[in-house]
Amino acid sequence: VSAVIFFKDGQRIVTASEDKTLRIWDVEKRVLLGGSFKAHSDAVTSVAISPDDRRIASGGGDGAIIIWDVDSMQMVFGPLVKHTDWVSSACFSPDGKKLASGSDNCTVIIWDAETGAVISTLKDLGVVKCVAFSPDGLKLASGSCRKPTSFRFGALITQSCCSTLTIDKKEVDR
């Protein structure tokens, strides 16, 4: 298992795996619910659940983003291939209308989660390992692996990076 996330009900989780699949599990009963979600051509490395628990977004070693319908276990959109390397992170905006994905190709892509269209592509200075929307959905933070470690905060209104916070490894080791 390379990634895992809880549904809001706390009773189910989604796992992403190197066998190119996603699975939904009942945590209490410890059983698989339904079959596997299959469409990636490489390991599934990231997973996100929409705020309404109706869709799952997965990213993989194939550079693809796939948005799935939870009930039907079918693809809604995808594979959406704009990253040219592993997708390391995915996150829905609080309203569920956008999806951000970060990749080893040093980019963050903001997708329209309702159409699958690319809204914006943001270049980073390092391999992007994590993305997160602010609670109001107006800002996006990304973390990248470069030396020194950096975090970027972008305003979605302007779709540009407003600031970079650089953290020296010495500060992290304290």
Side-chain angles (χ1 to χ4, degrees), residues 2-17 20-24 33-124 128-143 152-162:
S2 54
V4 63
I5 190 168
F6 273 92
F7 281 89
K8 280 188 197 174
D9 63 15
Q11 303 300 309
R12 299 170 294 154
I13 59 171
V14 179
T15 58
S17 301
K20 308 174 192 174
T21 66
L22 295 167
R23 293 180 177 88
I24 299 177
L33 300 174
S36 299
F37 295 72
K38 299 177 186 177
H40 283 280
S41 62
D42 202 338
V44 183
T45 54
S46 59
V47 63
I49 300 173
S50 64
D52 63 6
D53 280 351
R54 294 179 53 213
R55 292 190 175 175
I56 297 169
S58 60
D62 53 8
I65 290 288
I66 299 175
I67 299 179
W68 305 86
D69 179 78
V70 171
D71 294 331
S72 70
M73 297 179 65
Q74 298 297 312
M75 283 192 293
V76 177
F77 302 114
L80 304 172
V81 183
K82 292 293 181 186
H83 289 294
T84 58
D85 208 336
W86 288 64
V87 176
S88 54
S89 182
C91 179
F92 279 96
S93 61
D95 64 5
K97 293 182 179 181
K98 295 180 198 74
L99 176 78
S101 58
S103 173
D104 285 11
N105 73 340
C106 304
T107 62
V108 173
I109 297 178
I110 302 168
W111 307 85
D112 183 317
E114 297 174 340
T115 67
V118 172
I119 296 170
S120 183
T121 300
L122 308 172
K123 302 285 184 197
D124 203 301
V128 179
K129 288 298 181 186
C130 52
V131 292
F133 281 96
S134 61
D136 63 8
L138 297 178
K139 295 179 226 46
L140 181 69
S142 66
R152 300 187 78 168
F153 302 93
L156 294 179
I157 295 169
T158 61
Q159 297 178 352
S160 64
C161 184
C162 327

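- Asp53 places no side-chain N or O within donor-acceptor distance of the main-chain N or O of Phe7, the cut-off being under 3.5 Å.
- Each ring-ring contact (aromatic ring centres under 6.0 Å, His included) pair with one or both residues in residues 80-104, not counting sequence neighbours, would appear here, but there are none.
- For the residue pair Ser142 and Val128, the shortest heavy atom distance occurs at CB-CG1, 4.2 Å.
- Partners of Ser2 by side-chain hydrogen bond (donor to acceptor under 3.5 Å, both in side chains), not counting sequence neighbours: none found.
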For Asp62 and Val81, what are the C-alpha separation, side-chain angles and deciding distance, and is it a side chain to side chain contact (heavy atoms under 4.5 Å, CB included)?
CA-CA 8 Å; Asp62 53 8; Val81 183; over 6 Å; no
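- Asp71 meets the salt bridge (charged side-chain N to carboxylate O under 4.0 Å, His left out) test with no other residue; sequence neighbours excluded.
- In terms of the side-chain contact (heavy atoms from CB on, under 4.5 Å) criterion, residue partners of Thr84 (sequence neighbours excluded) are, by chain and number, Asn105.
- With sequence neighbours left out, the side-chain hydrogen bond (donor to acceptor under 3.5 Å, both in side chains) criterion links Asp95 to Ser93.
- Applying the side-chain contact (heavy atoms from CB on, under 4.5 Å) criterion to Leu80, with sequence neighbours excluded, gives Ile65, Phe77, Trp111.
- Without hydrogens or angle criteria, Lys20 side chain to Lys38 main chain gives no donor-acceptor distance under 3.5 Å.
- Taking the side-chain contact (heavy atoms from CB on, under 4.5 Å) definition, one finds that Val76 meets it with Arg55, Ile67, Asp69, sequence neighbours left out.
- In this structure, the side-chain hydrogen bond (donor to acceptor under 3.5 Å, both in side chains) partners of Asp9, at least two apart in sequence or on a different chain, are Arg12.
- Judged as a side-chain hydrogen bond (donor to acceptor under 3.5 Å, both in side chains), the pairs with a partner in residues 42-51 (not counting sequence neighbours) are, in order, Ser50-Asp52.
- For Lys129, the salt bridge (charged side-chain N to carboxylate O under 4.0 Å, His left out) partners two or more places apart in sequence, or in a different chain, are Asp104.
- Ala39 is linked by a side-chain contact (heavy atoms from CB on, under 4.5 Å) to Ile66, Trp68, Met75, counting only residues two or more places apart in sequence or in another chain.
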